[in-house]
Structures are given as C-alpha cells and as structure tokens.
Peer 1: 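Below: one structure in structure tokens.
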Amino acid sequence: MAADRAHHVAPILVLHYHEVGLKGKNRAFFERTLVRNVNRALRGLGPATTRRLRGRLLVEGVPASALPQAVERLQKVFGLATISPGVEVPPTLDDMARAAVALVEGEPLPSFAVRARRAEKHYPFTSQEIGRVVGAAVVQATGAPVNLRRPHVEIFVEVANERAFVSTSRFRGPGGLPVGTGGLGVVLFSAGIDSPVAAWRMMKRGMEVILVHFHSQPFADRASEEKARRLAAILAEWHGPVELVIVPLIDAQQAIIAYAPERYRTLLYRRMMLRVAERVARERRAHALITGDSLGQVASQTVENMTAVTEATSMLVLRPLVGYDKSEIIAEAQRIGTYDVSILPQDDACTLLDPRRVETRATVEAVRRAEAGLDVEALADATFAQAHWERIPPPWWHDHAGRPQEPEEEAPCPPPL
Ligand code: ATP
Ligand code: MG
C-alpha cells in the first residue's frame with residue numbers, strides 16, 4: 001500500500017452500521033453479535049481484532065495483502081452498511097493530510113472531494129476545517145481539482161476517540177440485521193430456487209437458520225442431497241457455519257401413497273415435512289418454520305392449500321417469498337449466488353411419487369380425512385429418527401495456509417475502547 005510510506009500508519013477497516021431504532025440492551029446485543037460475525041468472516045485472514053468505537057467497528061491486524069478478500073467477505077455480513085479499508089493515523093491535521101496524499105499519490109486523480117466526520121465535538125477542528133486542510137494538501141501535492149458534487153475519488157476522513165482514519169474507498173455492506181439477533185428458524189430446504197432465497201431473506205433480518213432437506217432415495221437420485229449441501233455452503237458465507245439436516249422421507253411417502261387418496265399426496269408430504277421440521281425445531285429450541293412458498297406459483301401453493309398444510313403444525317410458519325414473482329426470486333437467487341446450483345438437474349419427478357392430479361382447493365377437513373388411515377405422529381417420529389445432522393461451513397472456512405486450525409468457538413469480543 002502506498003500509505004505505508006507515510007508516518008505512523010496502520011492498515012485498518014472502518015465498518016459502519018445503521019443504529020436506527022437501537023437502544024439500551026438491544027444495541028449492546030446487536031453490536032456484540034455483529035462483532036462476532038465480523039470476526040467469523042475474517043477467519044484465517046490474519047490476526048484481526050474488531051473493536052467497537054462510537055457507532056462504528058474498527059478492524060485492525062488484517063494484512064494489507066488480505067484486505068480485498070476481507071472486503072469481499074464483509075460484504076456478506078448482515079448488519080454492515082459500509083466497509084472502508086484505509087489507514088489509521090494520529091489525529092492531527094498534518095497526519096491526516098499526509099495520509100490522504102499518500103493514498104491518492106501515484107493514481108490518476110481527475111477530481112476529488114474530502115468527506116470529513118468527527119465523532120467528538122470536543123475535537124478542536126470542525127469537519128469543514130478538516131476537509132479544507134486535507135483538501136488543500138491534496139491539491140498542492142497532485143494538482144487535482146476539488147469537485148464536491150461528483151468527484152472521481154472520495155477521501156473519507158474520520159476522527160473518533162482521539163484516533164483518525166483516512167480511506168479512499170467505501171464499499172456497500174448488505175444491510176439488514178446481524179445473524180443471531182432475530183431468533184432461530186428451521187427452513188424447509190428443497191434444492192430448488194425458492195427455499196434458499198427464503199432462508200437468505202430471514203437471515204438478512206437477523207434470523208439464524210437450520211436447513212432441513214427431505215429426499216426420496218432410492219426412488220430419486222442423490223443429486224438433490226448434494227445440491228442441498230452445496231447450497232448450504234453458499235448460504236454459510238452469509239450465515240457462518242450452518243446446520244443441515246438430511247432426512248429420508250421415502251418411508252413416510254410410501255405410507256401416504258398406500259393409504260391416502262392420490263390427489264392429496266403432495267399436500268400430505270408437505271404436512272409430514274412440517275411435522276418433522278417441527279421436531280427439528282423442538283430439538284434445537286427454534287422459534288419458527290420457514291418455507292419458500294410463493295402464492296399461486298404452482299398448483300400446491302394456493303391460499304387454501306397453504307392453510308391446509310400449515311394446520312399440521314402449531315408452530316409459526318413464515319413464508320418470506322409469498323408476495324414475490326418468480327422472476328424476482330430468480331434475480332435475487334442470482335445476486336445471492338445460489339441460482340446456478342439450484343437449476344442443476346435432479347431426478348425428483350419419479351412417477352411413482354408424484355400424483356397425476358393435485359388438489360388445488362384443499363380444506364383442513366379434507367386433508368385430515370385423507371390422512372385418517374395413517375398414524376402421522378408415529379410416522380413423523382420414525383422419519384425424524386432417520387435424520388442425519390451435518391454442519392456446513394463456508395467454502396473458505398478451512399483455508400489456513402499451513403496453520404493449525406483455530407478452535408471452532410469464537411474468541412470473546414475485546415472490550416469497546
Ligand atoms: P423450491 O424452489 O424451494 O423447491 P418450489 O417452487 O419448487 O420451491 P414446491 O416444490 O411446491 O415449490 O415447494 C414449496 C416449499 O416446500 C419449498 O419452498 C420448501 O420450503 C418446501 N419443500 C418442498 N420440497 C422440499 C424438500 N424436498 N425438502 C425440504 N423442503 C421442501
Ligand atoms: Mg421444489
């Protein structure tokens with residue numbers, strides 16, 4: 001980094017988050033969880049420490065060579081509004097000006113603006129004064145003109161707690177709330193397009209998730225299970241290591257095929273999935289079940305059918321995509337990075353398992369009658385007993401260049417400065 005030539009500079013990341021609506025205990029919980037998630041995202045990138053400082057986080061200790069990778073990972077940490085790699089300098093006008101010049105020197109600079117902020121009102125200079133002095137130094141060193149409205153480069157200068165930070169790039173974070181601040185949910189996780197997006201939506205609102213995938217082996221191939229694992233790894237980049245529960249549904253499906261009217265099959269499979277997911281939720285003390293249903297998308301997703309399916313559980317069932325168009329879900333899946341895996345082929349159109357006709361206007365009474373010949377609770381227990389529990393980390397989790405693995409538990413947060 002060019003700035004290494006300057007006096008007393010250390011590479012640093014300044015992370016901003018929105019504090020709107022955060023008060024008292026909630027705020028401390030939000031910040032603590034965010035720090036944990038930031039540390040988790042930086043795993044393996046050097047001896048980084050993250051500290052809270054007046055409404056922002058400071059990450060120190062990431063080597064300059066790992067900064068681009070750090071930024072990329074932090075752009076998947078929910079709760080972050082912006083990520084600014086830069087340098088820390090002593091909080092004098094001279095040091096700030098020198099660092100700003102060092103950061104822009106040697107690069108083409110058609111125009112620039114200085115954006116100064118100070119978190120302390122007792123700092124002897126106002127933001128305007130800081131901006132003026134730093135701007136004048138940059139003009140003198142480079143000859144570049146100031147353009148406050150549409151600059152090619154913005155130079156951010158911040159003063160907080162007798163420290164100063166200077167950076168020339170600011171990346172957008174994903175927004176939302178830190179994963180872990182919004183309870184725990186169990187996602188019915190097919191390997192299709194919708195349920196990974198549903199999981200991501202809940203994660204963005206701070207929910208930690210457990211993913212449950214049902215398969216029909218050996219009547220369907222292993223592709224859906226492998227896809228579920230790959231999709232879980234992609235979501236883990238946003239979530240941190242995630243629990244994936246793989247459940248063979250075939251015994252329950254065969255009982256349903258044998259004892260229930262054909263056109264209710266799909267609905268009864270779904271009810272069985274909810275019952276098993278509820279058992280997963282009870283085991284882990286989760287608060288809600290989540291599905292990727294979108295109203296009217298396919299025959300089984302009418303409002304009547306959703307009512308008839310939901311009745312199988314007393315737990316809260318959240319459907320974050322209920323009002324989305326398929327094209328909107330696809331666009332979001334592409335942004336998240338799950339789409340390409342979701343569309344990989346999988347043999348789940350087994351003619352034995354899928355009914356020729358699907359009931360579109362089921363009632364609770366009708367699905368109960370259709371289930372009357374089955375001991376659904378015993379089937380759900382037996383299916384749950386076959387669950388296979390895995391923990392899926394993000395793809396980079398074990399990338400430590402020859403260094404011993406860190407303990408799985410995160411170190412406690414350092415105290416705020
Ligand atoms: P997706 O793209 O998520 O597969 P879909 O449009 O194919 O959804 P359906 O197959 O009708 O819709 O499934 C609706 C929802 O039921 C899914 O979003 C998911 O939450 C749940 N679900 C369906 N199949 C499975 C499965 N094999 N394992 C876990 N959950 C499932
Ligand atoms: Mg599906």
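Residue numbers count from 1 along this sequence. These numbers come from the heavy atoms of this one structure, side chains and all, not from hydrogens, waters or symmetry mates.
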Peer 1: Assess whether a salt bridge exists between Glu237 and Arg73, defined as any Lys/Arg side-chain N lying under 4.0 Å from an Asp/Glu carboxylate O.
Peer 2: no
Peer 1: Can you tell whether the side chains of Glu226 and Arg230 come within less than 4.0 Å, N to carboxylate O?
Peer 2: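 Salt bridge absent between Glu226 and Arg230.
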Peer 1: Quick check: does any side chain N or O of Thr50 sit under 3.5 Å from a backbone N or O of Asn39, one acting as donor and the other as acceptor?
Peer 2: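 Not confirmed, Thr50 side chain does not pair with Asn39 backbone.
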Peer 1: What closest approach, in Å, do Glu154 and Pro151 show between heavy atoms, and which atom pair accounts for it?
Peer 2: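 Minimum heavy-atom separation between Glu154 and Pro151: CG-CG, 3.8 Å.
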Peer 1: With a 4.0 Å cut-off, would you call Arg163 and Glu158 a salt bridge?
Peer 2: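 Result for this pair is no, no salt bridge flagged.
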Peer 1: Is the count of non-hydrogen atoms from other residues, nucleotides or ligands lying under 6.0 Å from Glu328 atom CD greater than 12?
Peer 2: yes
Peer 1: So Tyr324 and Arg201, side-chain hydrogen bond (donor to acceptor under 3.5 Å, both in side chains) or not? Walk me through it.
Peer 2: CA-CA 12 Å; Tyr324 278 57; Arg201 279 269 140 205; 3.0 Å; yes
Peer 1: Are Arg275 and Glu371 ion-paired here, with the side-chain N under 4.0 Å from a carboxylate O?
Peer 2: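 Salt bridge present between Arg275 and Glu371.
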Peer 1: Using only atom types and a distance under 3.5 Å, with no angle test, would you say the side chain of Arg361 pairs donor to acceptor with the backbone of Asn305?
Peer 2: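 No: the side chain of Arg361 does not pair with the backbone of Asn305.
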Peer 1: So that I can tick it off, tell me whether Asp194 and Lys326 are bridged by a salt bridge, with the cut-off set at under 4.0 angstrom between side-chain N and carboxylate O.
Peer 2: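 Salt bridge between Lys326 and Asp194, a charged N being under 4.0 Å from a carboxylate O: yes.
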Peer 1: Return yes if some donor-acceptor pair links the side-chain N/O of Arg117 with the main-chain N/O of Ser127 below 3.5 Å, else return no.
Peer 2: no
Peer 1: Could you point out which residue of Trp238, Tyr339, Phe189 forms a ring-ring contact (aromatic ring centres under 6.0 Å, His included) with Trp200?
Peer 2: Trp238
Peer 1: Determine whether Phe30 and Tyr17 satisfy the following criterion, ring-ring contact (aromatic ring centres under 6.0 Å, His included), listing intermediate values before the conclusion.
Peer 2: CA-CA 10 Å; Phe30 173 103; Tyr17 48 90; 5.6 Å; yes
Peer 1: Only one of Glu377, Glu278, Glu311 forms a salt bridge (charged side-chain N to carboxylate O under 4.0 Å, His left out) with Arg271, so which one is it?
Peer 2: Glu311
Peer 1: Spell out, as yes or no, whether a donor-acceptor pair under 3.5 Å connects the side chain of Thr33 to the backbone of Phe29.
Peer 2: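 Between the backbone of Phe29 and the side chain of Thr33 there is a qualifying donor-acceptor contact (under 3.5 Å).
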